[in-house]
Amino acid sequence: MQAAAEKNMPRNFDFAAVEPRLYDWWQAQGWFKPECAAADAEPYVISMPPPNVTGSLHIGHALFTALEDLMIRYERMRGKAALWLPGTDHAGIATQLQVEKMLRDEGTSREAVGYEEFLHRTWQWKEEQGGTITRQLRRLGASCDWDRERFTLDDGLSNAVIEAFITLWEQGLVYRGPRLVNWSPGLQTAVSDLEVESTEEEVTLYYFRYPVAGGGYLPVATTRPETILGDAAVAVHPDDERYRHLIGARATVPILGREIPVIGDDYVDMEFGAGALKVTPGHDFNDYELGRKHGLERLNILNKDASMNSNAGPYEGLDRYDCRQRLWTDMGAAGLTIKTEPYVTRIPRSQRGGEVVEPMMSTQWYVRIQPLADKAIAAVREGQVKIVPDRFEKVYFHWLENIQDWCISRQLWWGHRIPAWYREKDGDPQGEIYVGREAPAGDGWAMEQDVLDTWFSSGLWPFSTLGWPEDRDDLARYYPTQMMETGHDILFFWVARMIMMGLWFTDKPPFHTVYLHGLVRAEGGAKFSKTLGNAIDPLTVVDELGADPLRFTLITSGTPGNDCHLDETRLDHSFRFVNKIWQMTAFINMNVDGALALGLPPSGELDLPSRWILSRLNRLIGNVQYLFDIHQYGEAGNQILAFMWDEFAPFYLEISKGALYEGDEAQQTATRRALVHLQDCCLRLLHPFMPFLTEEAWRYIPHEGEALIIADWPTADVDAIDDDVEGRMAAYLELVREIRNTRAEFKVDPGRRIRAIARAGAATEGLAENEQILKRLCNVEALELLPLEAEDPPNAANVVVGDMSIYLPLEGMIDIAAERQRLTDDLAKIGAQLARTEKMLGNKKFVERARADVVQRERVRLADLQAARAQIEERIAGLSG
RNA sequence: GGGCGUUUAGCUCAAUUGGCAGAGCAUCCGGUUUACACCCGGAAGGUUAUAAGUUCGAGUCUUAUAGCGCCCACCA
């Protein structure tokens, strides 16, 4: 098999020109599509976590793109029908907020333009902005099947959402009703528990008196005095000797004068605050439960914008915080206040706007989630779905085992409108409810205004994108998917819900493996944010360094599940690695011609360095395979880099110049074939990390096949792994290091060629055959052999590795005293190592119980160290004489 | 209040079933060697947070303590 390589390789990798050219070529050839694999190929599918349709690429997107594209390219090279299905999310709240801001800037508002116009403007905004993020993903090299791109609000997915909703309704798992919800006053919508984030804040704890009928009062403390207006009871602990006699008495709500009962419940903590508890079932989740238990009224005192409503009496119309002040002042005037004190507590805020969320009574749609959760728990428990790293399984179980019904309705305009209709009955405008695809027959039906939580449609993503519930072809071939790669921050929001809904609607887990990555953080662990100004913009990096260094850095900076701290110097290093690979390719390119036969020559025709580097290569391939199998992609990347930069380039490639420039034709050919094979394997291994560079470089070495993107993934040739060869070579390289050290110590001009003399004998025989190693790596002229009985060369430094002893005649540079000192220092080092090894081998238990190869290794080490010590001692004695 | 993660060189991080603690950046010394100065050679830098334990052997496993971080939870 012969293959030509492109000639005239450019001096540097011009990523800016190459990236778009290769991307368009790959895509035009259909290589991003699973159909490019064999017809019977096993599918490998990743549903891309859909970014917000109007979003713009940030470093988190870059991380998931790098990881998922790596997985996809790897599986594609392994011959799988690899499908990476891209798409975007309509992102209800986020997008609506963007459009509302736009309207505000125009001096108008959502309410002013009205429902139809607002939706029109939002779609327009989506059309304008919608392509941005997917264009940016392409710049990173994302090899998605763009023909299958989906959007959560497109017709097919909307159909899936309606189907899912109606099915749940028919199964009795969707219900509508008044409940206490987390209400976002600014957005004027309900939000789910998950969308509320509590942060510790310094607030005021207000102590006051609750007058009790018949005289006296109960002291109560609260952080939200305005909720006094909605109190339905005052509770004390039944064992509280101070107050238990008041249970059953009537208390009077301050200012309003409303009468409420004093109740007893052991929920009350006697030690806390004032000892008695005000109960506001309409505005507090605990009190809601308490109220249910005691049959208390759920009074709502707030309007939708969190101003006070008519139940607040004289305070009607005030904002809740103004009311808090005014009420407290009025209570003070009435002699009902006791004191205030600073207090730290957790304040619930909306994950979106950051505003304080108010628990409020509201009629919403819910999913009865327990049956779905049970299946989702079982699927992970039974191993049908595996979470990497597995510690997140515990978090997953804990959440699902304590899950609350899911509030799925949102009072937004942008989203999937709930397929429900109402008709007036008995004076209630929503007295009759119908759920279905179309409005029912008859007059007077009005469609539900609310839309569904964005995560409802996202939960269907892995199968809705493949055509569910229609068009079963793709669904049959590519579902369930294999990999769900996403951030651990949306384990509950998204992953758990996909598993629940996937199992419920398709009876299959939507994916087999969940790989969770962490957050990308700045140096020192700070969160990346635009306001802090520490954000690394991935597109700027791509402009300046190319996509490959960014991808490589992101992948090699982290481990699964852990946040990674992105260090900008690593970007730089990756960029230089790209150049390194390019230069290695250039060297090979200029040393081979198109007539070279591909593949390796028989092992017998290969010299020791070639057999060594091929052994190392195959060990690397095996390691990389292992690391990919356990999803340790970062470590795999680092090992490939280390192999190329620390072994292949500085040693083998340098040594190969001997054979290439001075060898006979057979040696030249064997070396060329080895070089090409090595570089070919490295480029294949690196392709999933750095697709552009590797594809382009591959063109310049002889290769077989149309493109690297569809080339085969390397497999380790275990027969090529040779411990003996590696051991011998390691000793020679140790010798190289010693000679280089010695040269540096004696300040020998690096350009100066020096002589190297070894005493003849078995120890040096192999070395003499491989004198190219010393010639190329430490600039010696040749290895001269000294007869056994000859005297030591005068004025020579001596380096010793194992049983090999080399003299470096450095006339005029050697100071006998200095040389003796150097050798004595060496001897001390060897002595220390020897002591350690002797101690280990002297330990009977070690010899008996340690693994055989470990013991053997120590024995070899012992022999080498003893030999070296003998050589050096002899040499020191010689110097003295 | 529970749960999880983390603590390794000055900084950012690795270390595959327990087997001589490694990189990058920064520092110091020396180099225009015909693939690469986007480079090459050399050096220095660690009681692996602390304390016990298991083991022939612990960065790795167990327990406790401390710092940092995250998640979950109804003390007003």
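Here is the naming used below: chain letters follow the sequence lines, and residue numbers restart at 1 for every chain.
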What does nucleotides 30-40 of chain B look like as a protein-contact string, B for base, S for sugar-phosphate only, - for none, at under 4.0 angstrom between heavy atoms?
S----BBSBSS
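The side chain of A:Thr559 lies closest to B:A15 when the candidates are B:C71, B:A15, B:U17. In this structure, of B:U16, B:G24, B:C71, it is B:C71 that holds the atom nearest to the side chain of A:Phe492. Comparing B:A15, B:G24, B:G19 against the side chain of A:Gln632 picks out B:A15 as the nearest.
Note on A:Arg857: only backbone sugar-phosphate atoms sit closer than 4.0 angstrom, heavy atoms only; bases stay farther off. Looking at heavy-atom distances under 4.0 Å, A:Asn562 makes contact with sugar-phosphate atoms alone, never a base. Contact annotation for A:Leu277: base contact, defined as any heavy-atom pair under 4.0 Å involving a base atom. At a threshold of 4.0 angstrom between heavy atoms, the contacts of A:Phe272 include nucleobase atoms, whether or not backbone atoms are also involved. Within 4.0 Å of A:Thr585, counting heavy atoms only, lies no atom of the nucleic acid at all. In this structure, A:Phe392 reaches neither bases nor backbone, as no heavy-atom distance under 4.0 Å exists between it and the strands shown. A:Asn843 comes within contact range of the sugar-phosphate backbone alone, with a heavy-atom separation under 4.0 Å but no base atom that close. In this structure, A:Arg346 reaches the bases: a heavy-atom distance under 4.0 Å links it to at least one base atom across the strands shown. Residue contacts shown for A:Tyr206 are absent, as no nucleic acid heavy atom lies under 4.0 Å away.
With both ends at atom C1', the span from B:U32 to B:U47 equals 44 Å, rounded to whole Å. The gap from the P atom of B:G19 to that of B:C11 amounts to 26 Å, rounded to the nearest Å.
Proximity of A:Lys394 to the phosphate of B:C4: a side-chain N or O atom is located under 4.0 Å from OP1 or OP2. Contact check, A:Thr556 against B:A14: no side-chain N or O comes under 4.0 Å of OP1 or OP2. Residue A:Asn741 places at least one side-chain N or O under 4.0 Å from the OP1 or OP2 atom of B:A43.
Toward the 5' end of RNA chain B, the nearer of the two residues A:Arg224 and A:Glu635, judged by each one's closest nucleotide, is A:Glu635. Comparing A:His488 and A:Asp269 against RNA chain B, the residue whose closest nucleotide sits nearer the 5' end is A:His488.
Of all nucleotides present, none satisfies the Watson-Crick or G-U wobble test against B:U47 with each distance under 3.5 Å. Pair assignment for B:U32: none, as no Watson-Crick or G-U wobble contacts are both less than 3.5 Å. Across the strands present, B:U60 finds no partner; the criterion is a Watson-Crick or G-U wobble pair with both atom distances under 3.5 angstrom. Searching all strands for a Watson-Crick or G-U wobble partner of B:U54 with both distances below 3.5 Å returns nothing. Judged by Watson-Crick or G-U wobble contacts below 3.5 Å, the nucleotide B:U16 has no partner. Pairing for B:C11 goes to B:G24, judged as Watson-Crick or G-U wobble with the two contacts each under 3.5 Å. When both pairing distances are held under 3.5 Å, B:U6 makes a Watson-Crick or G-U pair with B:G67.
For CD of A:Glu401, the number of neighbouring non-hydrogen atoms (other residues, nucleotides, ligands) closer than 6.0 Å is greater than 12. No more than 12 heavy atoms of other residues, nucleotides or ligands shown are found within 6.0 angstrom of CZ on A:Arg292. Within 6.0 Å of atom CD in A:Glu781, more than 12 heavy atoms from other residues, nucleotides or ligands are found, so the atom counts as buried in its surroundings.
The nearest whole Å value for the distance from the CZ atom in A:Phe846 to the P atom in B:A58 is 12 Å. Note: CG (A:Asn623) to C1' (B:A14) measures 14 Å, nearest angstrom. Between A:Glu647 atom CD and B:A23 atom P the separation is 12 Å, expressed in whole Å.
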Salt bridge (Lys or Arg N to Asp or Glu O under 4.0 Å) evaluation trace for A:Glu201 with A:Arg349:
CA-CA 11 Å; A:Glu201 292 178 30; A:Arg349 288 180 179 275; 2.7 Å; yes
List the steps, then state whether salt bridge (Lys or Arg N to Asp or Glu O under 4.0 Å) holds for A:Lys339 with A:Glu341.
CA-CA 7 Å; A:Lys339 63 171 178 177; A:Glu341 62 184 33; 3.4 Å; yes
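No side-chain N or O of A:Asn8 forms a donor-acceptor pair with one of A:Tyr700 less than 3.5 Å apart.
No cation-pi contact links A:Arg11 to A:Trp582, judged by a cut-off of 6.0 Å to the six-membered ring centre and 45° from its axis.
A:Trp328 and A:Tyr206 have perpendicular rings, their planes meeting at more than 60° on a 0 to 90° scale where under 30° would count as parallel.
For residues 624-641 of chain A, the set of pairs meeting the salt bridge (Lys or Arg N to Asp or Glu O under 4.0 Å) definition, not counting sequence neighbours, is empty.
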